[in-house]
Trainee: 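Provided herewith is a single structure, encoded as structure tokens, for subsequent inquiry.
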Amino acid sequence: MTDDAPEHIADELLAWFDRHGRHDLPWQHPRTAYRVWVAEIMLQQTQVATVIDYFNAFMARFPDVHALAAAEADDVMAHWAGLGYYARARNLHAAARRLVAEYDGRFPRSVESLMALPGIGRSTAGAIVAQAFGVWAPILDGNAKRVIARLAAIEATPGTAAYDKPLWRLAERYTPETRITDYTQAIMDLGATLCTRRNPQCAACPLADRCLSYRRSLQHRIPAPRRRSARAQRETTMLVVADEAGRVLLEKRPPAGIWGGLWSLPEKPAERDLHAFCRERFGIEVRDAGALEPMRHAFTHFELLIHARRVQLRGTARIMEGEFEWFARDARPGLPAPVARLLDAPQQTLNL
DNA sequence: AAGCCGGGGGG
DNA sequence: CCCCCAGGCTT
């Protein structure tokens, strides 16, 4: 299947990149290892257009690896709120501290060393050494996978070893010895701008004449669609507990799991009585102020139906330490997007 | 090898 | 509504 795949693509790809590639992304100027690393982590499963504002704000607050390592975890999480995949932020922070402790803040230049850091796999490690240091290394992000799968007419289903294994072998074959930084950017740019998932612009592609999919008119069928399974439904009840001053009680979620490490609204088990639960969990007496409009939130593998209930504190707010805290409206930490939407809904803003 | 993690954008 | 996106970690 891949034996008749093209042998070389770098020359044509680089010539195209010089004229049509992306040369003004924020992490390209200046292109330090720290900036490339942070960008690569943010760009995992997240589109460029979404990342740019987060990246610039992150760099303004944490300009180098020492600043990031010295920061509080909450501060890092707050700058990630809304980006999703919060394990990325926890890993980024942990890796920054290890880089400072073990490497004096200087990035190692080998794929193997970088892969030993949390959150950095083979493709991200390759992108960092290629882009920051000009070291030869293949990458295989979503763009490169699609470009190479089409070039070699890989018909296996994405997400399987039958798909990934030949792609890594071909990624190694195509990665040139020279202009490694530009090549890495070029194959991603081709995938992002011409060799797109739908409606690939083959007429403008510098590799069309050697692309097996194009020559066989398979470019619309490769990559094959992923198998999709029915999305499970889940429900939860969240409490909007407000005190007299309009502050809201938030809970820091455990590090693992959904929204790990983020502040959010406390959840009440469905079977628990509201008053008993608040008494035992928070040590407060409350008045039930009624249900809010349920909110749906779609995750990749399930859909969450959030039943929110407004609860008024009776008496004085206790000072709480640790996993629960009272937050004034303008002092809220970063929240998961649906929780932020819930608190910002018109029915909420009236009395909070 | 397969399942899991979050939110946004585009068709 | 559907699918995918500069993937990696866990089991």
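Keep in mind that the numbers below use all heavy atoms, side chains included, and drop hydrogens, waters and symmetry copies. Each chain gets a letter, A, B and so on, in the order the sequences are listed, and its residues count up from 1.
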Trainee: Got a donor-acceptor contact below 3.5 angstrom from the R35(A) side chain to the P30(A) backbone?
Mentor: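 Yes, the answer is positive, given that a donor and an acceptor are paired below the 3.5 Å cut-off.
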Trainee: Please determine, for the side chain of S123(A), which listed nucleotide (dG7(B), dA2(B), dG7(C)) has the closest atom?
Mentor: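 When the side chain of S123(A) is considered, dG7(C) is the closest of dG7(B), dA2(B), dG7(C).
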Trainee: For W259(A) and H297(A), take the angle between the two ring planes, folded into 0 to 90°, and tell me which bin it lands in: parallel under 30, tilted 30 to 60, perpendicular over 60.
Mentor: tilted
Trainee: On the nucleotide dG7(B), are OP1 or OP2 found under 4.0 Å from the side-chain N or O atoms that H297(A) carries?
Mentor: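 So the side chain of H297(A) is within the cut-off, an N or O lying under 4.0 Å from OP1 or OP2 of dG7(B).
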Trainee: Consider only side-chain N and O atoms of W16(A) and D189(A), and report whether a donor and an acceptor are under 3.5 Å apart.
Mentor: no
Trainee: For T237(A) and E267(A), does a side-chain donor sit closer than 3.5 Å to a side-chain acceptor?
Mentor: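 On atom types as modelled, these side chains do not qualify, holding no pair under 3.5 Å.
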Trainee: Kindly state which residues belonging to residues 186-197 of chain A come within less than 4.0 angstrom of DNA chain C, counting heavy atoms of the residue only, listed by number.
Mentor: M188(A), R197(A)
Trainee: Is it true that, when you exclude E244(A) itself, more than 12 heavy atoms of the residues, nucleotides or ligands shown sit nearer than 6.0 Å to its CD?
Mentor: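 Open: at most 12 neighbouring heavy atoms sit under 6.0 Å from CD of E244(A).
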Trainee: Around atom NE2 of H23(A), are there more than 12 heavy atoms from other residues, nucleotides or ligands closer than 6.0 Å?
Mentor: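 Count over threshold, so yes.
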Trainee: Please determine, for the side chain of Y85(A), which listed nucleotide (dG7(C), dG11(B), dG7(B)) has the closest atom?
Mentor: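 Closest of the options to the side chain of Y85(A): dG7(C).
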Trainee: Can you find a side chain N or O atom of W259(A) that sits less than 4.0 Å from OP1 or OP2 on dG7(B)?
Mentor: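 So the side-chain polar atoms of W259(A) do come within 4.0 Å of the phosphate oxygens OP1 or OP2 of dG7(B), strictly under.
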Trainee: Heavy-atom distance under 4.5 Å between the side chains of W80(A) and F58(A), does that happen here?
Mentor: yes
Trainee: With pairs taken as Watson-Crick or G-U wobble and both distances under 3.5 angstrom, which stems of at least three consecutive pairs involve DNA chain B?
Mentor: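 The stems are B:1-5 with C:7-11, B:7-11 with C:1-5.
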Trainee: Rounded to whole angstroms, how far apart are CD on E303(A) and C1' on dC1(C)?
Mentor: 11 Å
Trainee: With a 4.0 Å cut-off on heavy atoms, is A127(A) in touch with a base, just the backbone sugar-phosphate, or nothing at all?
Mentor: nothing
Trainee: Using whole Å, what does the distance between atom P of nucleotide dG8(B) and atom CG of L83(A) come to?
Mentor: 9 Å
Trainee: Assert yes or no for the condition that the ring centre distance of H8(A) to Y174(A) is strictly below 6.0 Å.
Mentor: no
Trainee: Taking atom P of dG8(B) as reference, at what distance in whole Å does atom CZ of R296(A) sit?
Mentor: 18 Å
Trainee: Counting only heavy atoms and a strict 4.0 angstrom limit, can you tell me which residues of residues 88-101 of chain A come near DNA chain B?
Mentor: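 Close to the strand, none.
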Trainee: Any link between L170(A) and L218(A) through a network of hydrophobic side chains (Ile, Leu, Val, Met, Phe, Trp, Tyr) touching at under 4.5 Å?
Mentor: no
Trainee: Tell me whether the NZ or CZ atom of R247(A) lies within the 45° cone about the ring axis of F327(A) and under 6.0 Å from its centre.
Mentor: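 No, R247(A) does not lie over the aromatic ring of F327(A).
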Trainee: Any idea which of dG6(B), dG8(B), dG10(B) is nearest the R341(A) side chain?
Mentor: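 Of the options given, the side chain of R341(A) lies nearest dG8(B).
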Trainee: Mind checking the P distance from dT11(C) to dG6(B)? Whole angstroms is fine.
Mentor: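 Taking atom P in both dT11(C) and dG6(B), they lie 15 Å apart.
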Trainee: Find the distance L114(A):CG to dG7(C):P and express it as a whole number of Å.
Mentor: 17 Å
Trainee: In whole angstroms, how far is the C1' atom of dC5(C) from the CD1 atom of I52(A)?
Mentor: 14 Å
Trainee: What is the separation between atom CZ on R198(A) and atom C1' on dC5(C), rounded to the nearest whole Å?
Mentor: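 It works out to 11 Å between those atoms.
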Trainee: With a sphere of 6.0 Å drawn around CZ of R221(A), does it hold more than 12 non-hydrogen atoms of other residues, nucleotides or ligands?
Mentor: no
Trainee: Using a cut-off of strictly less than 4.0 Å, decide whether T50(A) has a side-chain nitrogen or oxygen near OP1 or OP2 of dG7(B).
Mentor: no
Trainee: Which residues satisfy the side chain to side chain donor-acceptor pair (under 3.5 Å) test with S110(A), sequence neighbours excluded?
Mentor: S113(A)
Trainee: Within 45 degrees of the axis of the six-membered ring of W168(A) and under 6.0 Å from its centre: does R122(A) put its NZ or CZ there?
Mentor: yes
Trainee: Given atom CG of L167(A) and atom P of dA6(C), what is their separation to the nearest angstrom?
Mentor: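 Whole-Å distance recorded here is 15 Å.
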Trainee: Suppose you measure atom C1' in dG9(B) against the same atom in dG8(C); what distance do you get, rounded to whole Å?
Mentor: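 Per the computed distance, 23 Å lies between those C1' atoms.
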Trainee: Go through the steps for K268(A) and M238(A) under the test side chain to side chain contact (heavy atoms under 4.5 Å, CB included), then give the verdict.
Mentor: CA-CA 6 Å; K268(A) 182 186 78 65; M238(A) 293 186 177; over 6 Å; no
Trainee: Would you mind telling me which residue lines up with the more 5' stretch of DNA chain B, N199(A) or G84(A), judged by nearest nucleotide?
Mentor: G84(A)
Trainee: So which of L313(A), D243(A), T316(A) actually passes side chain to side chain contact (heavy atoms under 4.5 Å, CB included) with I284(A)?
Mentor: L313(A)
Trainee: Is there a residue in residues 20-49 of chain A whose heavy atoms reach under 4.0 Å of DNA chain C, and which residues are they?
Mentor: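 Heavy-atom cutoff 4.0 Å gives R22(A), L25(A), W27(A), E40(A), L43(A), Q44(A), Q45(A), Q47(A).
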Trainee: Starting at CZ of R253(A) and ending at C1' of dG6(B), how long is that distance when rounded to a whole Å?
Mentor: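 Taking atom C1' of dG6(B) as the reference, CZ of R253(A) is at 12 Å.
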Trainee: Can you sort out which residues in residues 137-151 of chain A have a heavy atom within less than 4.0 Å of DNA chain C? Ascending by number, please.
Mentor: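 D141(A), G142(A), N143(A), R146(A) - these, ordered by number, are the residues of the stretch whose heavy atoms sit under 4.0 Å from the strand.
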Trainee: Under 4.0 Å between any heavy atoms, over every strand shown, what does Q185(A) touch: base, sugar-phosphate, or nothing? Just pick one.
Mentor: base
Trainee: Indicate whether the side chain of T46(A) and that of R88(A) have a donor and an acceptor atom separated by less than 3.5 Å.
Mentor: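 On atom types as modelled, these side chains qualify, holding a pair under 3.5 Å.
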Trainee: On DNA chain B, nearest-nucleotide positions of A161(A) versus G260(A): which is more 5'?
Mentor: A161(A)
Trainee: Expressed as a whole number of Å, how far does the P atom of dG3(B) sit from that of dA6(C)?
Mentor: 23 Å
Trainee: Quick check: are there more than 12 heavy atoms from other residues, nucleotides or ligands sitting under 6.0 Å from CZ of F55(A)?
Mentor: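 More than 12 within 6.0 Å, yes.
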